[in-house]
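Report on the structure given below.
Counting begins at 1 with the first residue of the sequence. Nothing here was measured: the structure is a model prediction, and the numbers come from that model. Computed over heavy atoms, backbone and side chain alike; hydrogens, waters and symmetry mates excluded.
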Amino acid sequence: MKLSGITRHVDHLIVQWPDGSSSRFHYVWLRDNCRCNRCKHAIGERTVDVLSIPCDIAPTSVVVTDGLDLAWPDGHVTTYEAAWLRANSYEVDQRPAPHRPILWRKELAADLPEISYDDVMHSDAGLLAWLHLLRDYGLCFVRGVPTDPRTVVDVAGRISFLRNTNFGILFDVESKPDPDSLAYTSNRLNCHSDLPNREMPPGLQFLHCLVFEATGGDSILVDAFACADELRRVDPAAFELLTTTPIRYRYSGPDSELSARSPIIRVDADGELFEIRYSNALLAPLDAAPEKMIDTYRAIHSFAGLLQSSDFEIKTRLRAGDLMSFHNNRVLHGRDVFDPNSGHRHLQGCYVDLDDFLSRIRVLERLSGLSSA
């Protein structure tokens, strides 16, 4: 890629591209992003201090080559390739399109995202395929997993190191005599995200079925992003309330007192959904402002009604050797009641943080040539 030309202005220049488009680059930005070995260490981290660059800086000369060569008042020279400038243009319509998840409803049950254990464990291509399904759908089943205890740790470890919590790095989901969580009973669990009572809930969850002989206990899954998107459409006032009103969650266990306060629905600076934090079982007494209390309850009812709607729920019965992986803060999970006297039901689970999951995708894409990052 080459530049077609440039136009200089007081505090920026405009680059013309061969396709007829153009990009503004402010001089302070161009100096701040110099990539020479004086401004950026070989490990990739910046060594130039942004405070050392005046906001009104301007180059003493600009030379168009295959890219740009800029000389600065202190004699420093910055060189840019045209392809790098285009890839890092901050014009709104030239920024890379953000990844958009594939929202789903009950119809996904007919074609669940899945991959084989062998593909995940024995090739980076298979691993990347699994991670792409998890990124896109927030959900993927790994089939044919050996039922040896702790195998879930090996599978999740293909992504990154595991997240430790008050339940440990590895936890056993089965009916127990003295449970410290409803998950360790035979009760029905409405769809929920795990650990909303933490300031930073884990991003990915893995549940590996070792034994399933009990009657009942089918897994329930719902795309809470799809539900939130529907709530924004049918009840924008409720959506707005749930994105701006912090809700407190609390967990009290033998050795833990964990509490966090956050909106149920969180959106980023562009209004895109990025986190759902909801567990009816862990709701603390609602502490919304008195004048907003009834409206907040109504908004929660509206959203919870969508989460439990048959239009959005998927039900599936795990088999020994199935591993269910999902985005904990997008795809909420639950289960039907089961009879522990009818047979054993034993899952093992663990967590990986979302940052490490996304990092693994980027590294694998870079190694496979799918990304220039």
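When Val152, Leu323, Val173 are each tested for a side-chain contact (heavy atoms from CB on, under 4.5 Å) with Leu347, only one passes: Val173. Tested against His333, the residues Ile220, Ile314, Asp194 include a single side-chain contact (heavy atoms from CB on, under 4.5 Å) partner, Asp194.
His132 places no side-chain N or O within donor-acceptor distance of the main-chain N or O of Leu127, the cut-off being under 3.5 Å. Listed for the Ser256 side chain is no donor-acceptor partner under 3.5 Å among the backbone atoms of Leu258. Side-chain atoms of Ser325 come within 3.5 Å of backbone atoms of Cys140 as a donor-acceptor pair (strictly under, hydrogens ignored). Proximity of a side-chain donor or acceptor of Arg330 to a complementary backbone N or O of Leu273 within less than 3.5 Å is not detected. Judged by distance alone, the side chain of Arg31 and the main-chain N or O of Cys55 form no donor-acceptor pair under 3.5 Å. Side-chain atoms of Asn88 come within 3.5 Å of backbone N or O of Trp84 as a donor-acceptor pair. Remark: the backbone N or O of Thr151 is not paired with any side-chain donor or acceptor of Asp148 at under 3.5 angstrom. Asp235 places no side-chain N or O within donor-acceptor distance of the main-chain N or O of Leu231, the cut-off being under 3.5 Å. A donor-acceptor pair under 3.5 Å links the side-chain atoms of Ser342 to the main chain of Thr215, judged by distance alone. For the pair Glu91 (side chain) and Arg24 (backbone), a donor-acceptor distance under 3.5 Å is present.
Residue pairs that meet the side-chain hydrogen bond (donor to acceptor under 3.5 Å, both in side chains) test with at least one member in residues 40-51, sequence neighbours left out, are Asp32-Arg46. Here ring pair (Phe, Tyr, Trp, His ring centres under 6.0 Å) pairs that include residues 287-306, with residues two or more places apart or in two chains, number zero.
With no hydrogens or angles considered, no side-chain donor-acceptor pair links Asn197 and Arg248 at under 3.5 Å. Judged purely by distance below 3.5 Å, without hydrogens or angles, the side chains of Ser4 and Gln16 never pair a donor atom with an acceptor atom. Of the N and O atoms on the side chains of Asp118 and Ser116, not one donor lies less than 3.5 Å from an acceptor on the other residue.
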| request: Evaluate the salt bridge (charged side-chain N to carboxylate O under 4.0 Å, His left out) criterion for residues Asp355 and Arg360: first the C-alpha distance (whole Å), next the side-chain angles of each, then the deciding distance (0.1 Å), finally the verdict. | output: CA-CA 9 Å; Asp355 285 337; Arg360 189 70 160 131; over 6 Å; no
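Residues Leu364 and Val155 share a single hydrophobic cluster, defined by chaining ILVMFWY side chains whose heavy atoms lie under 4.5 Å apart. Both Ile6 and Tyr80 are assigned to one and the same hydrophobic cluster, defined by single-linkage of ILVMFWY side chains at heavy-atom distances under 4.5 Å. Under the 4.5 Å side-chain heavy-atom criterion for grouping Ile, Leu, Val, Met, Phe, Trp and Tyr, Tyr184 is connected to Leu282 within one hydrophobic cluster. Val331 and Ile102 fall within the same hydrophobic cluster, defined by Ile, Leu, Val, Met, Phe, Trp and Tyr side-chain heavy atoms under 4.5 Å apart, directly or through other members. In this structure, Leu283 is not a member of the same hydrophobic cluster as Leu189, with clusters built from ILVMFWY side-chain heavy atoms closer than 4.5 Å.
Taking the six-membered ring for Trp and thresholds of 30 and 60 degrees, Trp72 and Tyr27 have ring planes more than 60 degrees apart, a perpendicular arrangement. Between Trp17 and Phe25, the ring-plane angle classifies as perpendicular under the 30° and 60° cut-offs. Relative orientation of the His122 and Tyr117 rings is perpendicular, given thresholds of 30° and 60° on the angle between their planes. Classification of the Tyr278-Tyr249 ring pair by plane angle, with boundaries at 30° and 60°, yields perpendicular.
Shown here for Pro59 and Arg8, the closest heavy-atom pair between the two residues is O-NH2, 3.0 Å. Annotation for Glu199 and Arg277: closest pair O-NH2, 3.4 Å, computed over non-hydrogen atoms. Listed here is the closest heavy atom pair of Ala260 and Pro196: CB-O, 3.8 Å. For the residue pair Asn329 and Pro201, the shortest heavy atom distance occurs at OD1-CB, 3.8 Å. Nearest heavy-atom pair, Cys209 versus Thr147, reported as atom, atom and distance to 0.1 Å: O-CG2, 4.1 Å. Residue Leu128 comes nearest to Ser368 through the heavy atom pair CD2-OG, 4.1 Å, listed as atom of the first residue, atom of the second, then distance.
With contacts defined as side-chain heavy-atom distances shorter than 4.5 Å, the pair Ile276/Phe225 qualifies. Counting only heavy atoms from C-beta outward, the side chains of Asp322 and Met324 never approach each other to under 4.5 Å. Taking the side chain as every heavy atom from C-beta outward, Ile300 and Ile264 approach each other to under 4.5 Å. His76 has its side chain within reach of Cys39: a pair of non-hydrogen atoms, C-beta onward, lies under 4.5 Å apart. Residues Ile53 and Trp29 fail the side-chain proximity criterion, which asks for heavy atoms closer than 4.5 Å.
Expressed to the nearest 0.5 Å, how far OG of Ser186 lies from CG of Asp336 amounts to 12.0 Å. Atoms CG and CG, from Leu162 and Asp353 in turn, are 10.0 Å apart once rounded to the nearest 0.5 Å. Interatomic distance, Leu354 CG to Leu134 CG, rounded to the nearest 0.5 Å: 10.0 Å. Rounded to the nearest 0.5 Å, atoms CD (Gln205) and NE2 (His327) are 12.5 Å apart. We find the CD1-CG distance between Ile361 and Asp356 to be 11.5 Å, quoted to the nearest 0.5 Å. The distance from atom CD1 of Ile265 to atom CD of Glu240, rounded to the nearest 0.5 Å, is 10.5 Å.
Geometrically, Arg317 engages Phe212 in a cation-pi contact defined by less than 6.0 Å to the ring centre and at most 45° from the axis. Figure legend: Arg266 and Phe274 shown without cation-pi pairing, the cationic atom not lying both under 6.0 angstrom from the six-membered ring centre and within 45 degrees of its axis.
Here Phe312 and Trp104 keep their ring centres 6.0 angstrom or further from each other. Here Tyr351 and Phe167 keep their ring centres 6.0 angstrom or further from each other.
Heavy atoms from other residues, nucleotides or ligands lying under 6.0 Å from OH of Tyr90 number more than 12. Shown here is Lys176, whose NZ atom has more than 12 heavy atoms of other residues, nucleotides or ligands within 6.0 Å.
The residues Asp223 and Arg105 are annotated as not salt-bridged, no charged nitrogen and carboxylate oxygen being separated by less than 4.0 angstrom. Salt bridge status for Lys292 with Asp295: absent, with no side-chain N to carboxylate O gap under 4.0 Å. Ionic pairing of Asp218 and Lys315 is not present here: no N-O contact between side-chain nitrogen and carboxylate oxygen is shorter than 4.0 angstrom. Salt-bridge check for Asp124 with Arg158: passed, with a basic side-chain N closer than 4.0 Å to an acidic carboxylate O. A salt bridge links Glu230 to Arg233: one of the charged nitrogens lies within less than 4.0 Å of a carboxylate oxygen.
Grouping Ile, Leu, Val, Met, Phe, Trp and Tyr by side-chain contacts under 4.5 Å, direct or through others, leaves Val77 on its own. By the 4.5 Å side-chain criterion applied to Ile, Leu, Val, Met, Phe, Trp and Tyr, Leu210 is assigned to a cluster that also includes Val211.
Remark: Asp172 pairs with His346, Gln348 by the side-chain hydrogen bond (donor to acceptor under 3.5 Å, both in side chains) rule, at least two apart or across chains. With sequence neighbours excluded, no residue forms a side-chain hydrogen bond (donor to acceptor under 3.5 Å, both in side chains) with Arg35.
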